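These notes are about the structure you will find just below.
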Amino acid sequence: MSDAATHELRRVCWSECFGFVRVFRSFGISIGWSKLVLAFAGILATCAGGFILDSLWPRSSQALCITVGPSRINELDKFVEPDSTRQSVEDWIKEHSKMPGSGREGMFVVFITHIRSTVNALTVATAQLDGKRFLDTIKSGLVGLAWLVVFHWFYAVVFTIYFLAVWGIFGGAIARLAALHAARDERIPMTEGLRFSREKLLSFMAAPLLPAGAVLLGGAVLAGGGLVGLIPGLGEIIVGALFFLALVAGIAIALTAIGGVVGFPLMHPTIAVEGSDGFDAVSRTYAYVYQRPWHTALYYFVALLYGAICLLFIKLIIRVALIAVHFFVGLTLNWGTAFTQDKSTLPIPKLDALWTPPTLDWGTPMIGSFNAARLSGLSW
């Protein structure tokens, strides 16, 4: 018997057999303190900019919201409803804009609240292994983005430029740190990552804007072609004869838009790894998306599912920690009693009156609920 026949399989390199398993390294790479600090700074800057922009925006152009009983409904809530259309939402806005109980909210507040609800629903769907709810939640998040673009396009443009600037700095630094960590197992200082992102800021901002600019340019060309049809007598004939060019331009616009949306998350890592400019990032991104569409779809699905599982794990840690805090602190603090404002009900333990802890069935908020507003004071 030959020696080859006696060899034993001692180890399987799964990353060589299935490339998508490399995604599972992302959680370990992302929990470095420098990346977490940069991510927190980016989130803080994004929220600060959004709130400031909301406060400066004309109130009449903000999102309509109405109060119906204990609930509050805004135009984004109406837009994500099944069978809702742009026209139906516009009619709803016209109908309710002058009604009692109507008001205005900043677009960032409305949008970020919707995204937060989407992320929470995504983790709940993952915990319950509900595939339909998982996909419906993703759709709801995308519809929320469409609402911002369709109903408040100028706000979306201004906020997008600010968003790209913030995450060009902080996201670019995170991508640089993560790229060197993953490729070379090299850990560079946070300051070096920020220096790289500052030098490449224009590239980080330009990469996502180039596809958008190409789409707008193609649209302008088509609009210009439509002007030819206004020529008396010959316009219709020329447009009819050359209309195939408009169809070709439409296909080019569709491919550019789809490639830009799908490839957007790949542009920053491309610049961080290669140190290239925005044009090179767009070129490499489009090549990968259209040459390997099934790979792209698989990687996105795995990354999304893995991200939801990691977030679920983090939330589980927080829930267990808060339950433990409530239990052990309550062993002593609950010796005291708290009274409600009318003092007509029986006294209840202090901590239980102030704070109801979360549960592990995901039916309560992650931090529980606070009841301090209904208390008149504390007494032993």
Side-chain angles (χ1 to χ4, degrees), residues 13-16 19-50 112 115 119 160-210 260 262-289 295-296 299-315 317-318:
C13 185
W14 294 107
S15 61
E16 295 294 334
F20 67 86
V21 301
R22 294 188 179 94
V23 175
F24 300 147
R25 294 185 58 198
S26 58
F27 181 75
I29 294 175
S30 65
I31 58 177
W33 72 269
S34 56
K35 304 181 192 72
L36 294 177
V37 169
L38 290 170
F40 179 76
I43 294 172
L44 191 63
T46 302
C47 292
I112 202 66
I115 293 300
V119 173
T160 297
I161 294 174
Y162 175 76
F163 179 87
L164 291 177
V166 169
W167 288 103
I169 295 175
F170 297 107
I174 294 172
R176 182 64 174 178
L177 267 62
L180 294 179
H181 186 178
R184 304 179 187 172
D185 198 22
E186 178 182 349
R187 294 168 175 79
I188 62 175
M190 181 172 58
T191 53
E192 186 174 339
L194 287 171
R195 180 186 59 79
F196 176 86
S197 63
R198 286 197 302 269
E199 293 175 354
K200 295 291 183 178
L201 178 60
L202 292 180
S203 297
F204 282 125
M205 294 184 63
L209 294 177
L210 288 173
V262 175
F264 169 69
L266 305 178
M267 295 177 183
H268 279 48
T270 300
I271 298 173
V273 172
E274 303 293 337
S276 55
D277 56 18
F279 288 98
D280 183 67
V282 172
S283 175
R284 290 174 181 268
T285 296
Y286 274 73
Y288 187 84
V289 168
H295 279 78
T296 303
Y299 276 103
Y300 270 117
F301 177 77
V302 172
L304 186 61
L305 182 60
Y306 180 65
I309 293 173
C310 291
L311 184 58
L312 183 66
F313 175 68
I314 296 298
K315 286 188 173 184
I317 293 176
I318 295 174

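Here the structure is a predicted model, which means the values were calculated and not measured.
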Listed once per pair and sorted, the salt bridge (charged side-chain N to carboxylate O under 4.0 Å, His left out) pairs that draw on residues 199-209, sequence neighbours left out: R195-E199

Non-hydrogen side-chain atoms of D277 and F204 separated by less than 4.5 Å: no

Over all atoms of both residues, closest heavy-atom pair of A281 and A207: CB-CB, 4.3 Å

Nearest heavy-atom neighbours spanning V273 and R176: O-NH1, 4.1 Å

Neighbour count >12 (heavy atoms, 6.0 Å) for atom CZ, F279: no

Reported CG-to-CD1 distance for the pair L311 and I314, which is rounded to 0.5 angstrom: 7.5 Å

Value rounded to 0.5 Å, distance of CD1 in I309 from CG in L305: 4.0 Å

Residue pair V166, Y162: steps toward the side-chain contact (heavy atoms from CB on, under 4.5 Å) verdict: CA-CA 6 Å; V166 169; Y162 175 76; 3.5 Å; yes

Criterion side-chain contact (heavy atoms from CB on, under 4.5 Å) on W33 and L38, from CA distance to verdict: CA-CA 9 Å; W33 72 269; L38 290 170; over 6 Å; no

Inter-residue atom distance F170.CZ - L44.CG, 0.5 Å rounding: 8.5 Å

Heavy atoms from other residues, nucleotides or ligands near CD1 of I115 exceed 12 (cutoff 6.0 Å): yes

Straight-line distance of H268 NE2 to S203 OG, nearest 0.5 Å: 10.0 Å

Whether H295 and Y299 hold their rings parallel, tilted or perpendicular, with breakpoints at 30° and 60°: parallel

Minimal non-hydrogen separation, S197 against G168, with atom names: CB-O, 3.5 Å

Exercise: identify the closest heavy-atom pair between L177 and S34: CD2-OG, 3.3 Å

Shortest non-hydrogen contact between S276 and I271, atoms and distance: O-CG2, 3.4 Å

Atom of I174, atom of K35 and distance for their closest heavy-atom approach: CD1-O, 3.9 Å

Contact check, side chains of Y300 and L266, non-hydrogen atoms, under 4.5 Å: yes

Residues which pass side chain to side chain contact (heavy atoms under 4.5 Å, CB included) with A175, listed by chain and number, not counting sequence neighbours: A272

Separation of S30 OG from H181 NE2 (nearest 0.5 Å): 10.0 Å

Between CH2 on residue W167 and CD1 on residue I43, distance to nearest 0.5 Å: 5.0 Å

Heavy-atom check, side chain of I112 versus side chain of T46, under 4.5 Å: no

